[in-house]
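Atoms considered below: every heavy atom in the structure, side chains included; atoms not considered: hydrogens, waters and symmetry mates.
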Amino acid sequence: MPPPDLPALPGAALPFKRPDPLDLSFEGFGREAFAVLERLRQRPHVEQVRREKAALEQYVYAPFRRYRDDLAVNWVLPNRLPFETERGVFSRILKNDFGAGGSNHHLWMAFYRPPRRRLTDLQLTHSLWPDRFSLGLFAGAYARGLFGPARQRMLDEPSAALDLLNSLLARGYTFAFSRVLTRQERREVFDAPLDALPEGLTKANGLWVRTLVPREEVLALGPALVERALDAQADLWPLYRFWAEAAG
């Protein structure tokens, strides 16, 4: 059983239902989207965000919202998944850094299960960076009552956890964990199948599994990035359920 504050996940087995053809409004990300984010990487400050306001809306925010809508229409709704798909699903470019005026150079989104919020639930993530798009699964200590049981289930059931992780690693995903959520350089990253769970996993406060789509491939895919994302949701779903059901 899931935690009492969360809806049950549907019991239907994979594969997910998928409209044929897909109902798409997303036209793809253009070179301008990556160029805007690259300028933010070079000058990560609120003043640069203000200069880029119109470009961010046209090339990043608006297409990303259409991408989000297409995931809802072609995945969440057909499969009756209990996800919030509109309110609070996107991160923010401006950092919450106590008035220092810093900014991020990437934008990401994840659906979540009310009454939780995006940051306090397990997250199937979609992230746009200056040089790539990433699709993944994240569990962090912010998800109180969920993260601890998810990590412990991996430790208690190492054979099942390894089967799930290695299936993804064999298909080009990476697995990472860290004690520090906000320091990417502190993560231990694995890109090949594992013989055993890493020892440091017992003290992890964040778990990441993801696959990267390089910029040129994103540009070539255009609207088909949605189909790539739907494939990734199916790839990650068994591990997502393994973590989500651990708190029951």
Side-chain angles (χ1 to χ4, degrees), residues 9 14-16 37 41 91 104-112 118-218 221 225 227-247:
L9 292 168
L14 294 173
F16 286 124
L37 295 177
R41 175 156 62 182
S91 67
N104 295 303
H105 57 267
H106 70 285
L107 185 70
W108 61 275
M109 60 150 279
F111 299 148
Y112 61 92
R118 171 173 45 87
L119 292 176
T120 59
D121 198 4
L122 305 177
Q123 301 168 30
L124 288 158
T125 61
H126 310 255
S127 306
L128 182 66
W129 300 77
D131 59 352
R132 64 191 185 273
F133 193 84
S134 71
L135 297 155
L137 173 60
F138 169 66
Y142 300 129
R144 295 181 180 178
L146 295 176
F147 174 75
R151 182 186 59 188
Q152 191 60 45
R153 187 177 188 187
M154 296 181 72
L155 298 172
D156 291 343
E157 303 177 41
S159 179
L162 283 169
D163 284 347
L164 291 167
L165 287 175
N166 285 338
S167 175
L168 292 163
L169 290 167
R171 282 179 279 176
Y173 288 78
T174 60
F175 169 58
F177 66 89
S178 178
R179 296 184 66 175
V180 183
L181 291 175
T182 57
R183 299 285 295 275
Q184 188 167 347
E185 69 274 11
R186 299 281 294 275
R187 297 177 193 173
E188 295 192 50
V189 182
F190 304 86
D191 60 4
L194 301 166
D195 294 326
L197 293 177
E199 291 184 5
L201 189 62
T202 58
K203 297 182 179 180
N205 284 308
L207 306 170
W208 294 262
V209 179
R210 65 179 184 174
T211 185
L212 304 181
V213 186
R215 175 178 55 211
E216 293 304 315
E217 188 174 353
V218 173
L221 283 169
L225 182 63
E227 187 167 6
R228 175 68 66 86
L230 296 177
D231 292 340
Q233 307 319 289
D235 289 345
L236 294 163
W237 191 251
L239 181 59
Y240 176 86
R241 290 201 66 143
F242 184 75
W243 287 352
E245 294 170 351

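- Remark: Leu164 CG to Leu236 CG distance equals 10.5 Å, nearest 0.5 Å.
- Rounding to the nearest 0.5 angstrom, the gap separating the CG atom in Leu197 from the CZ atom in Phe177 is 9.5 Å.
- The side-chain heavy atoms of Pro238 and Leu14, taken from C-beta on, include a pair separated by under 4.5 Å.
- Annotation: side chain of Leu165 is not in contact with side chain of Phe190 (no heavy-atom distance under 4.5 Å).
- Smallest separation of non-hydrogen atoms from Leu207 and Met154: CD1-SD, 4.0 Å.
- Counting heavy atoms from C-beta outward, Phe138 and Val209 have side chains that stay 4.5 Å or more apart.
- Within the 3.5 Å criterion, the main-chain N or O of Ser167 finds a donor-acceptor partner in the side chain of Arg171.
- Within the 3.5 Å criterion, the main-chain N or O of Ala204 finds a donor-acceptor partner in the side chain of Arg151.
- Residues Leu168 and Phe175 have side chains not in contact (no heavy-atom distance under 4.5 Å, counting atoms from C-beta outward).
- For the residue pair Ala192 and Leu169, the shortest heavy atom distance occurs at O-CD1, 3.4 Å.
- Under 4.0 Å is where a charged nitrogen must lie from a carboxylate oxygen, and between Glu217 and Arg132 no such pair does.
- Between the CG atom of Leu107 and the CZ atom of Phe133 there is a distance of 9.0 Å, given to the nearest 0.5 Å.
- Not less than 6.0 angstrom separates the ring centroid of Trp243 from the ring centroid of Phe147.
- Between His126 and Gln233 there is a side-chain heavy-atom pair separated by less than 4.5 Å.
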Fill in: Verdict with supporting geometry, Trp237 and Leu124, side chain to side chain contact (heavy atoms under 4.5 Å, CB included)
CA-CA 9 Å; Trp237 191 251; Leu124 288 158; 4.1 Å; yes
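- One distance of note links CG of Asp131 with CZ of Arg215; it measures 6.5 Å at 0.5 Å rounding.
- For the atom pair OG1 of Thr120 and CZ of Arg144, the computed distance is 10.0 Å after rounding to the nearest 0.5 Å.
- Here the side chains of Tyr112 and Gln123 are not in contact, with every heavy-atom distance at 4.5 Å or above.
- Smallest separation of non-hydrogen atoms from Ala234 and Phe16: CA-CE1, 3.8 Å.
- Counting heavy atoms from C-beta outward, Asp235 and Tyr173 have side chains that approach closer than 4.5 Å.
- Residues Met109 and Thr125 fail the side-chain proximity criterion, which asks for heavy atoms closer than 4.5 Å.
- Taking the centre and axis of the six-membered ring of Trp208, the NZ or CZ atom of Arg210 falls outside the cone set by 45° and 6.0 Å.
- Of all non-hydrogen atoms in Ala246 and Pro149, the two that sit nearest each other are CB-O, 3.3 Å.
- For the pair Arg118 and Trp108, the cation-pi test (distance below 6.0 Å, angle within 45°) is passed.
- In plain terms, the two heavy atoms of Ala244 and Leu9 that are nearest each other are CB-CD1, 3.8 Å.
- Between Leu122 and Ala139, the shortest heavy-atom contact is CD2-CB, 3.7 Å.
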Worksheet item: Between Thr211 and Thr174, does a side chain to side chain contact (heavy atoms under 4.5 Å, CB included) hold up when you go through it step by step?
Response: CA-CA 6 Å; Thr211 185; Thr174 60; over 6 Å; no
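- For Asn166 (side chain) and Leu194 (main-chain N/O), a donor-acceptor pair under 3.5 Å exists by modelled atom type.
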